[in-house]
Amino acid sequence: MTDITVIILTRNEALHIERAIASVADFATRVLVVDSGSTDDTVMRAQAVGGQVLHNSWINYATQFNWALDQIVGDGGWVMRLDADEIVTPDLAAQISAGLPDVPGVYIGRHMNFMGRPIRYGGLFPIRVLRLFRNGAGHCEDRWMDEHIIVDGPTAALSGVIIDDNRQPLDWWIAKHNAYANREVIDILNQTYGFLPLESIAQLRGGQQAAVKRWIKEHLYRRLPGGLRAGIYFAYRYVLRLGFLDGAEGRTFHVLQGFWYRYLVDAKLGEVQRYLNRSEADPITAIRHVLGIDLSAQHTPTRKAAE
C-alpha cells in the first residue's frame, strides 16, 4: 500500500470535515488538517476521526497549501489535495487503493453539487484536476485565485471522481464569492502590473482541461469588454451549453456563478482601476484602499516544483 498524505485546509468546516476524512479512510496513511483559526469545533471533530491538526495563519490558499507541503518535506509517498467540502467517491477510493501509476502526478474528475443538486450542464463538470502527486514533485500555483497543482514530469488519470458538495446556506456562498472576487481582481491586476509572483497552468503543454480553460480565460475572455463579457459567458453556459436543464437550483448556480460573480469581478476591477487613474497610486496601495487587502505584508515568493 502506497503512503498517501491527504491535506485538507480548514476554517470553520465543522459541517464537512468528518465527512471528508471518512471518504479517504480506506487509503490515506495520514490526514493533515491545516486550520487557520476556526471558531467552531472543526479541530475537535477532525481529531476525533484521526486527523492530524496543524495551525497556520491564512494568507491565501496557495500559500497555505505550500506551507503544508513544507511540513512533510522528505517524507516520500504521495500527496492528495482535498477541500473540506469535497468527498472522494467509493469508486475513486478503490482505484487509489489498488495502486497509483508510475508518474509524478495523477488527474481525477471533479463534480459539483449546488444546493444538493448535481450540476450536469453548462460545460463545467466534470473537470479533470490534478489532485494526486508524489511528495516533492508538485506544488500549488503561486496565485490568489483558482489555484491548481503543478508537477514536474508526465501525468496519468483515474476515472474516479471527487464531489464538491458544500452544505452551507446561500448567504455563506455569496459572502465567500465576494471574497473570491477580490482575490481574482488581484490576479488580474498582477497580470498587468507584475507586483507579485504569478504562476499559471495556462503555460503548461499537453492540453490538460484546466490548463486550456485557464488559457481561454487569460487570453480570450480577458480581451472582451468588462461587464459585457459576463453576459456573454452566461449566455454561452446557460443557453448554448444547456445550463437551463439543471433545474431551479442549477438556474440559481448559473446566474450567480456564471453571471453575478463574473460581473462582480469586473465591477471591482473597474473600481480599483478608477482609483489608480485618479490617484496615480501603485497597485498595492490601490488594492489596500479599495479591497482592504494589504499585500505589502503578504509577499509570497514563487516555489519551485522540487526543492
**Student:** Using a 4.5 Å cut-off on heavy atoms from C-beta on, say whether the side chain of Thr192 contacts that of Arg222.
**Tutor:** yes

**Student:** For the pair Asp282 (side chain) and Ile284 (backbone), establish whether a donor and an acceptor sit closer than 3.5 Å, ignoring hydrogens and angles.
**Tutor:** yes

**Student:** Sub-3.5 Å donor-acceptor pair from the side chain of Asn135 to the main-chain atoms of Val79, do we have one?
**Tutor:** no

**Student:** Flag yes if Leu15 and Met112 sit in one hydrophobic cluster, no otherwise; membership is Ile, Leu, Val, Met, Phe, Trp, Tyr, and two members link when side-chain heavy atoms are under 4.5 Å apart.
**Tutor:** no

**Student:** Could you tell me whether a side-chain N or O of Arg134 sits under 3.5 Å from a main-chain N or O of Val103, the two making a donor and an acceptor?
**Tutor:** yes

**Student:** Is it true that Arg19 and Glu13 make a salt bridge, defined as a side-chain N closer than 4.0 Å to a carboxylate O?
**Tutor:** no

**Student:** Find out whether Arg183 and Tyr61 are in side-chain contact, i.e. whether some heavy atom of one side chain is under 4.5 Å from a heavy atom of the other.
**Tutor:** yes

**Student:** Counting C-beta onward and ignoring hydrogens, is there a side-chain heavy-atom pair between Ser36 and Ser57 closer than 4.5 Å?
**Tutor:** no

**Student:** Taking the inter-plane angle between the rings of Tyr180 and Tyr261 on a 0 to 90° scale, is it parallel (under 30°), tilted (30 to 60°) or perpendicular (over 60°)?
**Tutor:** perpendicular

**Student:** Is Arg110 reaching over with its side chain to a backbone N or O of Val129, donor-acceptor style, under 3.5 angstrom?
**Tutor:** no

**Student:** Do Ile17 and Met44 sit in the same hydrophobic cluster, where Ile, Leu, Val, Met, Phe, Trp and Tyr count as joined when their side-chain heavy atoms come under 4.5 Å apart?
**Tutor:** no

**Student:** With rounding to the nearest 0.5 angstrom, report the CD to CG distance, Gln273 to Leu189.
**Tutor:** 5.5 Å

**Student:** Which heavy atom of Val151 sits nearest a heavy atom of Gly138, and at what distance?
**Tutor:** CG1-CA, 3.9 Å

**Student:** Rounded to the nearest 0.5 Å, how far does CG of Leu32 lie from CG of Leu54?
**Tutor:** 4.5 Å

**Student:** Applying side-chain contact (heavy atoms from CB on, under 4.5 Å), run through Glu271 and Tyr275 and close with a yes or a no.
**Tutor:** CA-CA 6 Å; Glu271 187 179 20; Tyr275 183 87; over 6 Å; no

**Student:** What's the spacing between Ile293 CD1 and Ile287 CD1 if we round to 0.5 Å?
**Tutor:** 7.5 Å

**Student:** CG of Asn277: more than 12 outside heavy atoms within 6.0 angstrom?
**Tutor:** yes

**Student:** Can you give me the closest heavy-atom contact between His55 and Trp67, atom names plus distance?
**Tutor:** O-CH2, 3.8 Å

**Student:** Report the C-alpha distance between Arg81 and Glu86 in whole Å, list the side-chain angles of each, state the deciding distance to 0.1 Å, and finish with yes or no for side-chain contact (heavy atoms from CB on, under 4.5 Å).
**Tutor:** CA-CA 10 Å; Arg81 169 187 168 180; Glu86 294 175 336; over 6 Å; no

**Student:** If I take atom CG from residue Asp83 and atom CG from residue Asp165, how far apart are they, to the nearest 0.5 angstrom?
**Tutor:** 12.5 Å

**Student:** Yes or no on side-chain contact (heavy atoms from CB on, under 4.5 Å) for Leu196 and Trp144, after CA distance, side-chain angles and deciding distance?
**Tutor:** CA-CA 10 Å; Leu196 289 174; Trp144 278 72; 3.6 Å; yes

**Student:** Within the side chain of His16, is there an N or O that forms a donor-acceptor pair under 3.5 Å with the backbone of Arg167?
**Tutor:** yes

**Student:** Give the minimum heavy-atom separation between Pro101 and Trp78, together with the two atoms involved.
**Tutor:** O-CZ2, 3.5 Å

**Student:** If you take all heavy atoms of Thr2 and Thr29, which pair is closest and at what distance?
**Tutor:** O-OG1, 3.8 Å

**Student:** Can you confirm whether Asp164 sits close enough to Phe125 that some side-chain heavy atom of one is under 4.5 Å from a side-chain heavy atom of the other?
**Tutor:** no

**Student:** Say whether, by atom type as modelled, one donor and one acceptor occur between the side chain of Asp266 and the main chain of Gly227 under 3.5 angstrom.
**Tutor:** yes

**Student:** Is any side-chain heavy atom of Leu69 closer than 4.5 Å to one of Ile7?
**Tutor:** yes

**Student:** With the side chain counted from C-beta on, respond yes when Leu100 and Ile96 share a heavy-atom pair under 4.5 Å apart, and no when they do not.
**Tutor:** yes

**Student:** Are Leu269 and Trp260 connected in a single hydrophobic cluster, I mean Ile/Leu/Val/Met/Phe/Trp/Tyr linked by side-chain heavy atoms less than 4.5 Å apart?
**Tutor:** yes

**Student:** Any chance CZ of Arg229 has more than 12 other-residue heavy atoms, nucleotides or ligands included, within less than 6.0 Å?
**Tutor:** yes

**Student:** Over 60° means perpendicular and under 30° means parallel, so classify the ring planes of Phe253 and Trp173, tilted if in between.
**Tutor:** perpendicular

**Student:** How far does CZ of Arg262 sit from CD1 of Ile232, to the nearest 0.5 angstrom?
**Tutor:** 13.0 Å

**Student:** Return yes if a side-chain donor-acceptor contact under 3.5 Å exists between Tyr121 and Arg241, otherwise no.
**Tutor:** no

**Student:** Is Asp246 reaching over with its side chain to a backbone N or O of Ile119, donor-acceptor style, under 3.5 angstrom?
**Tutor:** no

**Student:** Anything under 30° is parallel, anything over 60° is perpendicular, the rest tilted; go ahead and classify Tyr263 against Phe259.
**Tutor:** tilted

**Student:** Evaluate the side-chain proximity of His254 to Phe234: yes if any heavy-atom separation is below 4.5 Å, no if none is.
**Tutor:** yes

**Student:** I'd like to check Leu256 versus Leu170 (side-chain heavy atoms, cut-off strictly below 4.5 Å). Are they in contact?
**Tutor:** yes

**Student:** Using side-chain contact (heavy atoms from CB on, under 4.5 Å), reason through Gln168 and Asp85 one step at a time and then give a plain yes or no.
**Tutor:** CA-CA 9 Å; Gln168 294 283 6; Asp85 57 0; over 6 Å; no

**Student:** Would you say Val6 ends up clustered with Val161 if hydrophobic residues are merged whenever their side chains have heavy atoms under 4.5 Å apart, either directly or through other cluster members?
**Tutor:** no

**Student:** Mind checking the CD1-CG spacing from Ile108 to Leu158? Nearest 0.5 Å is all I need.
**Tutor:** 7.5 Å

**Student:** Do any N or O atoms from the side chain of Arg237 and from the backbone of Gly243 form a donor-acceptor pair under 3.5 angstrom?
**Tutor:** no

**Student:** Backbone N or O of Asn56 within a donor-acceptor pair of the Gln64 side chain at under 3.5 Å?
**Tutor:** yes

**Student:** So, the side chain of Gln95 versus the backbone of Ser159: is there a donor-acceptor pair under 3.5 Å, distance only?
**Tutor:** yes

**Student:** Which heavy atom of Cys140 sits nearest to which heavy atom of Ala62, and what is that distance?
**Tutor:** SG-CA, 3.8 Å

**Student:** Are Val272 and Leu264 co-members of a hydrophobic cluster defined by side-chain heavy atoms under 4.5 Å apart?
**Tutor:** yes

**Student:** Please give me the minimum heavy-atom distance between Phe65 and Leu9, naming the atom from each residue.
**Tutor:** N-CD1, 3.9 Å

